[in-house]
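Worksheet for the structure shown next.
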Amino acid sequence: MVADTIHVHSHLAGHPTYHLFGHQIVLDVPLPAIILSTIGAAFLLRYTLSFFRLLLELIVLPGKNVKKYQSKNGINKTWALVTGCTGGIGIEFARQLAKKQFNIVLIGRRKNALDEVAQELESKYGVKTKSFVVDVAQPGSARDETLSQIELFAKSNDLGVLINNVGASHVMPIPFAETERSEMNQIVETNINWTLYLTRAVIPSMIIRSSKRGAPKSLILTIGSLSGRIPSPLLATYSGTKAALSTWTKALAKEVENKGVEVELVQAAFVVSNMSKIRRSSALVPTANSFVKSTLSSFGQPRGSQGRPYERTPFWSHAILDYLVGFAGYLSEITGINVINKMHKDIRIRAIRKAKKQQLQKQNEGKKDL
Ligand SMILES: NC(=O)c1ccc[n+]([C@@H]2O[C@H](COP(=O)([O-])OP(=O)(O)OC[C@H]3O[C@@H](n4cnc5c(N)ncnc54)[C@H](OP(=O)(O)O)[C@@H]3O)[C@@H](O)[C@H]2O)c1
């Protein structure tokens, strides 16, 4: 058989000729250009496929349900523990997990508020509740005692879900060089130390509960923040603690994944709450109710966190934002840092102006009273 000759433009002399499986291939395009366009095409294909997957997960595919963490034998037997559950995202986790017939362990620092939440959950959803009153930012014997009680509770009950939701941030955006040590402590104790100590207190029981063949899985879900993903100037301490939680989550997840305990970080951008100080929802800022709904209905789907193990960005607009941040590596990150820097500077100016106005109002009211 006569070998074929493939000419792209064979009239161009001096171009490299290759022999492949009996064919003679004459190239009129330089080899480096071919290599580069192949790499380019591979990247384009990768991003097209991953964007397609993002859309599929957001619009079409159903996620796994949170009920998979419930014990099959015994109705209303499994407990879910939610920290910071007297407001914001936490109270929504408590409500929506109770609606799915989890009994709820409530953790907060205000007894009256905890009692109200407990009563609401018991009467509305017919579940059991157990409350622990503790200021999670205060190291000392009271916090240690609460941790011991929770450890005991986990040993003697079917605790299947831990939602590490409680978090503290700065009162307003502030340069690190001006941040008070008390504010740093409040943030580090709440976001890091408490989260680690609490998880350490319950995880051995979860391993015993879930490591046997056929046993229900357990879940440890920690609420992260895009401030931990994109370094956030003027919230440096908060941003650093959320980044630390992300790395901790992944290391722990690997340690226990073969023992039936799933550990994951859920990413969030702005959500309507006291912490964000945003009162009205929009496409970019969901209510806590919508945010939690998307979180509890999309297990197994990374959405905006594609390519990052043990992590999810469930709410649709946060997912697209997160996806775009990951799109162009260094360029996306440095652009993100610059945009956030400008945004936080503006917020700080407005917050200082508001605080001065409130102080003036107070002084005037004080004068009237005299
Ligand atoms: N909102 C957002 O835009 C946003 C964005 C990204 C990530 N997140 C993360 O989402 C999580 C929840 O935030 P959120 O917006 O729902 O906050 P939030 O509205 O301020 O609610 C925080 C909850 O935690 C409780 N809490 C705070 N400090 C406590 C302490 N020292 N001891 C005991 N309980 C304490 C609060 O209790 P009290 O009722 O007594 O204050 C409240 O129940 C946090 O981890 C946060 O970092 C929020």
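All figures in this text were calculated on a predicted structure; none of them were measured in a lab. In this chain, residues are counted from 1 in sequence order. We count ligands from 1, going down the list as the structure has it; atoms in each ligand are counted the same way.
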Practice prompt. Indicate yes or no for a side-chain donor-acceptor contact from Ser298 to the backbone of Gln301 under 3.5 Å, with no hydrogens or angles considered.
Written response: no
Item to complete: Taking only heavy atoms of Val134 into account, list the atoms of ligand 1 that are under 4.0 Å away from them.
Response: 32 (N), 33 (C)
Discussion item. Which heavy atom of Thr129 sits nearest to which heavy atom of Ala118, and what is that distance?
Written reply: OG1-CB, 3.5 Å
Response to the item:
Taking only non-hydrogen atoms of Asn165 and a 4.0 Å limit, the atoms of ligand 1 in range are 11 (C), 12 (C), 44 (C), 45 (O)
Worksheet item: Can a non-hydrogen atom of Ser169 be found less than 4.0 Å from any atom of ligand 1?
Response: no
Practice prompt. Can you sort out which atoms of ligand 1 are near Tyr238, meaning under 4.0 Å from one of its heavy atoms?
Written response: 7 (C), 8 (N), 46 (C), 47 (O)
Discussion item. Tell me whether Ser227 reaches ligand 1 (any heavy atom closer than 4.0 angstrom to a ligand atom).
Written reply: no
Item to complete: Examine Ser225 against ligand 1 and note whether any of their N/O atoms are separated by less than 3.5 Å.
Response: no
Fill in: Atoms of ligand 1, numbered as shown, that sit under 4.0 Å from any heavy atom of Gly167
44 (C), 45 (O)
Worksheet item: Thr78 and Asp158: side-chain donor and acceptor closer than 3.5 Å?
Response: yes
Item to complete: Identify, by atom number and element, the atoms of ligand 1 in contact range of Val166, meaning under 4.0 Å from any of its heavy atoms.
Response: 24 (O), 25 (C), 26 (N), 27 (C), 29 (C), 34 (N), 35 (C), 45 (O)
Worksheet item: Under 4.0 Å from atom 22 (C) of ligand 1, is there any protein heavy atom?
Response: no
Worksheet item: Strictly under 4.0 Å, does any heavy atom of Trp194 approach an atom of ligand 1?
Response: no
Fill in: Worked check of side-chain contact (heavy atoms from CB on, under 4.5 Å) between Lys259 and Met206
CA-CA 9 Å; Lys259 296 172 179 156; Met206 285 182 157; over 6 Å; no
Worksheet item: Are the side chain of Arg348 and the backbone N or O of Pro173 linked by a donor-acceptor pair below 3.5 Å?
Response: yes
Worksheet item: For Glu257, does the CD atom have more than 12 heavy-atom neighbours from other residues, nucleotides or ligands under 6.0 Å away?
Response: yes
Item to complete: Can you pull out the closest protein heavy atom to atom 14 (P) of ligand 1? Residue, atom name and distance to 0.1 Å, please.
Response: Ser273 OG, 3.7 Å
Worksheet item: Does an N or O anywhere in Asp135 fall below 3.5 Å from an N or O of ligand 1?
Response: yes
Worksheet item: Polar-atom distance check: Phe270 versus ligand 1, any N or O pair below 3.5 Å?
Response: no
Discussion item. Please check if the number of heavy atoms outside Phe270 that lie under 6.0 Å from its CZ is greater than 12.
Written reply: no
Response to the item:
Rounded to the nearest 0.5 Å, the CZ atom of Arg53 sits from the OG1 atom of Thr48 at a distance of 15.0 Å
Item to complete: Check Arg229, Gln267, Arg303 against Glu311 for a side-chain hydrogen bond (donor to acceptor under 3.5 Å, both in side chains) and give me the one that passes.
Response: Gln267
Fill in: Distance (rounded to the nearest 0.5 Å) between Asn338 CG and Met343 CE
12.5 Å
Fill in: Heavy atom of the protein closest to atom 16 (O) of ligand 1 (residue, atom name, distance)
Ile89 N, 2.8 Å
Worksheet item: Below 3.5 angstrom, do we get any N/O pair linking Val136 and ligand 1?
Response: yes
Discussion item. With nothing but distance in play, are any N or O atoms of Val271 less than 3.5 Å from an N or O of ligand 1?
Written reply: yes
Worksheet item: For ligand 1, is Lys242 a contact, meaning one of its heavy atoms is under 4.0 Å away?
Response: yes
Practice prompt. Take Thr287 and Ser290 through the side-chain hydrogen bond (donor to acceptor under 3.5 Å, both in side chains) test and state the conclusion after the steps.
Written response: CA-CA 5 Å; Thr287 58; Ser290 308; 3.0 Å; yes
Fill in: Element-labelled atoms of ligand 1 that are located less than 4.0 Å from some non-hydrogen atom of Ala137
31 (N)
Practice prompt. Could you list which atoms of ligand 1 come closer than 4.0 Å to a heavy atom of Arg110?
Written response: 38 (P), 39 (O), 40 (O)
Worksheet item: Are any of the side-chain nitrogens in Lys128 or Glu122 under 4.0 Å away from the carboxylate oxygens of its partner?
Response: no
Discussion item. Within the structure, is a non-hydrogen atom of Gly87 found at a distance of less than 4.0 Å from ligand 1?
Written reply: yes
Discussion item. Show the atoms of ligand 1 that are less than 4.0 angstrom away from any heavy atom in Ala269.
Written reply: 3 (O), 4 (C), 5 (C), 6 (C)
Worksheet item: For Gly108, is at least one N or O under 3.5 Å away from an N or O on ligand 1?
Response: no
Worksheet item: Mind checking what makes side chain to side chain contact (heavy atoms under 4.5 Å, CB included) contact with Asn157, not counting sequence neighbours?
Response: Trp79, Phe153
